[in-house]
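These notes concern the structure reproduced below.
Owing to the predicted nature of the structure, the values given are computational and were not obtained by experimental measurement. In the text below, chain A, chain B and the rest are named by the order of the sequence lines, each starting its count at 1. Excluded from the calculations below are hydrogen atoms, water molecules and symmetry mates; all remaining heavy atoms, backbone and side chain alike, are included.
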There are 2 protein chains.
Amino acid sequence: MTIVMRAPLFQAMGPEITRSMIQNRACRLYERGERIFQQGDPADSFFLTVEGWVKLYRQREDGDEVVVAIFTAGETFAEVAMFMGGRFPATAEAVSPARILRIDGAALRRAVLQKPQLAFDMLAAASLHLKRLVQQIEQLKAQSAPQRIADFLLDQVPAEAGPATIALPYEKALIANRLGMQPESFSRALARLRDVGVTVDRDHVRIRDVAKLIEFSARSNEDDR
Amino acid sequence: MTIVMRAPLFQAMGPEITRSMIQNRACRLYERGERIFQQGDPADSFFLTVEGWVKLYRQREDGDEVVVAIFTAGETFAEVAMFMGGRFPATAEAVSPARILRIDGAALRRAVLQKPQLAFDMLAAASLHLKRLVQQIEQLKAQSAPQRIADFLLDQVPAEAGPATIALPYEKALIANRLGMQPESFSRALARLRDVGVTVDRDHVRIRDVAKLIEFSARSNEDDR
DNA sequence: CGCGGCGTTGATCTCTGTCAATACTTGTGG
DNA sequence: CCACAAGTATTGACAGAGATCAACGCCGCG
C-alpha cells in the first residue's frame, strides 16, 4: 500500500480520508487481457495502477483499436471522466497481470467538497494527462516513425548521455499501436535506428549514446513545469 | 458580456465573484496574428474567447508549428496549465481579430477554495479538452486524410442527415495543420470528397447528404456524456 | 514433436509530403 | 480605375514513407 500513499492525490488527502476511501477489497488483481472498464460504461470510479501495465484504448466502429495511453505502477487514470459522472470514453485493459485499485467516485467527490485542496491535485493529474496527449499529437503530426520510436525509448531512459540498455516493457505490437504505426513498420523503423547506435536483441534495446539519439529525435524543448 | 456569463465556469461562480474577477479592462482586442501568450511563459492566467478565433500550437525546435486546438467564442483555454502555476506548454495566437478576456489565476484559485463547487467546473473544462485531444489522436492514428476532413466538416454541422452548406471558419492552411496534413494534401483530399457529395466553392462547402458523409467517415460512436 | 503467438522480412502499392509552377483574391498606390 | 504585389489556394510531377499482404523464423508450451 505504500505505493498508494505515494500518489499525489492521496498525499494531499491525508491518511484518514485515504483509508476510509480504499477500505474493503477495492484492490483487485486483473489477468492479462482482462478489461477494467469498457468504453460506454457509466464512469462511477477511477483507478490507480498498483502493479503491472494497463492500456487505455478507443474501439472504433471498424473494429480497430487505437491506444491512447498506457499506465503503470503509481499512475491514476480515468479520474477526469469519472468526475464528470458521464460514461467512459475509452476502454481500459490489463496488458500484463496487474493489481489495480478502484476508487469510488462519489466518495472522492465528497472528499473534494470537504477539502478543496484536493481539487488542485485532481487538476494536477488532468494537467499531466493533457500534457502527454498534446505531446502525442505533436509527435504524430510532426515526426517520422523512427523519430517517434526514438522518443519512446528516450522516455524510458533517465540518463541524458552515454550508453543505456532498456527492456521493452510490453509487446512490440502494443508499442507500435501506441506510436501510431503498424507492427511491421515498427520493426523496420527500429532496425533503421541502427545508424544512430541502437541495437535490438529480443526485447532488449541497447543505445550506444543517448545524446546521439536525442539529437536524432529532434525533441522539442521540455520547457514545462 | 453576456457571453461571459454563459460560460459554465462563470455560471457556477455566481455573478458577484465573476464581476470581481473580470473587472478592470481584462478584456482586450487582439489583431490577427497577435500572440496571446507564448510557450514557456509563466502561466498565471487563463482565457475566455469572447469573439473571434484562437489557435493553440506547439513550436518545435525545427521551426514547425503543430496546431493542437482551435477555440472560438464562449470557450476557455489554458485553464489547466494556469492551475498548475507552471509555464504554458504551448503558444496561443489570434487567427482572426479576437476579443479575449484574461482571468487572473490567483483570483480564481481563491475562488475555488471559497466555493469548492467551482473545482468541478474546472474539471469539466479539463474533461472536455481531454476528450477532444483523445478524439484527435484517434483520428490521426486511424483515419485517412479525407476521413479526417469529413469528420471536421461533420463537426461544423448540426444535422445528421440531408443537405447542408457550411462556411469554413478560417484559412484552409490552418485547417490542414489542425488535421495533421499539408495544405496541398488538404486541397486534394477535399477534392476527392466530391465522390461522396461534397463540393467546394471558395470557402463554402456544400454537402449533398450528411448521412452519406457520416457513413464515409466511419466515425466511431459518439458514446459519451 | 507440433502448434500458436509473436516478430521479422520481402514485395508491392497507396498515400502523403515536397518542390515547383500557376491561378485566384484582396488590398494598395499611382 | 487599373496595375501590381502579397497572400492564399490549387494543380502537377515526383519521391519516399508507411500500409498491406504474404511468407517465414523463432520461441515457449502442451
Side-chain angles (χ1 to χ4, degrees), chain A residues 31-33 53 55 60 62-67 95-97 138-152 167-195 198-205 216-218, chain B residues 31-33 53 55 60 62-67 93-97 139-150 152 167-195 198-205 216-218:
Chain A
E31 300 171 25
R32 173 197 155 103
W53 293 87
K55 73 172 172 183
R60 293 176 52 77
D62 55 28
D64 278 8
E65 291 183 1
V66 176
V67 174
V95 296
S96 74
E138 183 180 337
Q139 288 173 355
L140 288 169
K141 283 185 177 175
Q143 292 185 188
S144 68
Q147 284 177 322
R148 299 202 295 271
I149 295 178
D151 269 19
F152 177 83
L168 298 179
Y170 32 78
E171 282 140 35
K172 292 184 180 174
L174 179 55
I175 302 177
N177 191 326
R178 207 330 312 254
L179 298 178
M181 68 189 81
Q182 299 307 119
E184 296 95 324
S185 296
F186 177 79
S187 185
R188 284 186 249 264
L190 190 50
R192 232 174 305 151
L193 288 181
R194 182 182 309 272
D195 301 345
V198 175
T199 51
V200 187
D201 172 54
R202 313 292 274 116
D203 63 341
H204 285 269
V205 178
F216 170 81
S217 93
Chain B
E31 299 170 25
R32 172 196 156 105
W53 293 87
K55 73 172 172 183
R60 292 175 54 75
D62 55 27
D64 277 10
E65 291 183 1
V66 176
V67 173
E93 181 183 313
V95 296
S96 73
Q139 289 173 356
L140 288 169
K141 282 185 178 175
Q143 294 185 185
S144 67
Q147 284 177 322
R148 299 202 295 272
I149 295 178
F152 177 84
L168 299 179
Y170 33 80
E171 283 141 35
K172 292 182 179 174
L174 178 55
I175 301 177
N177 191 326
R178 216 312 326 247
L179 298 178
M181 66 189 82
Q182 298 307 119
E184 295 95 325
S185 296
F186 178 80
S187 185
R188 284 185 248 265
L190 190 50
R192 233 175 305 151
L193 286 181
R194 182 183 308 274
D195 301 344
V198 174
T199 52
V200 188
D201 173 55
R202 313 291 274 115
D203 63 340
H204 285 270
V205 177
F216 169 80
S217 92

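When the C1' atom of D:dG25 is taken as reference, atom CG of A:D201 falls 15 Å away, rounded to whole Å. To the nearest angstrom, P of D:dG18 lies 18 Å from NZ of A:K141. The distance from atom CZ of B:R192 to atom C1' of D:dT11 is 13 Å, rounded to the nearest whole Å. One atom, CG of A:D62, and another, C1' of D:dA19, lie 15 Å apart when rounded to the nearest Å. Look at CD on B:Q182: it is 14 Å from C1' on D:dA9, rounded to the nearest Å. Between B:F186 atom CZ and C:dT18 atom C1' the separation is 19 Å, expressed in whole Å. Rounded to whole angstrom, the span from the CG atom of A:L179 across to the C1' atom of D:dG18 amounts to 14 Å. Counting to the nearest Å, the P atom of C:dC15 and the CG atom of B:L140 are 18 Å from each other.
Closest heavy-atom contact between B:L179 and B:R148: O-NE, 2.7 Å. Of all heavy-atom pairs spanning B:A142 and A:V66, the tightest one is CB-CG2, 3.7 Å.
Side-chain atoms of A:P97 and A:R32, non-hydrogen and from C-beta on, do get closer than 4.5 Å to each other.
Taking 4.0 angstrom as the limit, A:S185 places none of its side-chain polar atoms (N or O) nearer than this to OP1 or OP2 of D:dG18.
Between the side chains of A:D151 and A:Q139, a donor-acceptor pair is found at a separation under 3.5 Å.
For C:dG7, its base never sits under 3.5 Å from the side chain of A:R188 at any donor and acceptor pair. One donor-acceptor pair, N or O on each side, does fall under 3.5 Å between the base of C:dC19 and the side chain of B:E184.
Closest to the side chain of B:E171, out of C:dG7, C:dT16, D:dA9, is D:dA9. Listed candidates were C:dT18, D:dT10, D:dA19. Nearest to the side chain of A:M181 is D:dA19.
When the nearest nucleotides of DNA chain D are assigned to B:Y170 and A:A145 by heavy-atom distance, the more 5′-ward of the two goes with B:Y170.
Backbone-only engagement by B:R32 is indicated by non-hydrogen atom pairs under 4.0 Å involving sugar-phosphate atoms exclusively. Using a 4.0 Å heavy-atom cutoff across all strands shown, A:R202 reaches sugar-phosphate atoms only and no base atom. Using a 4.0 Å heavy-atom distance criterion, B:A173 is classed as a sugar-phosphate-only contact.
Here the side chain of B:K141 pairs a donor or acceptor atom with the backbone of A:N177 at under 3.5 angstrom.
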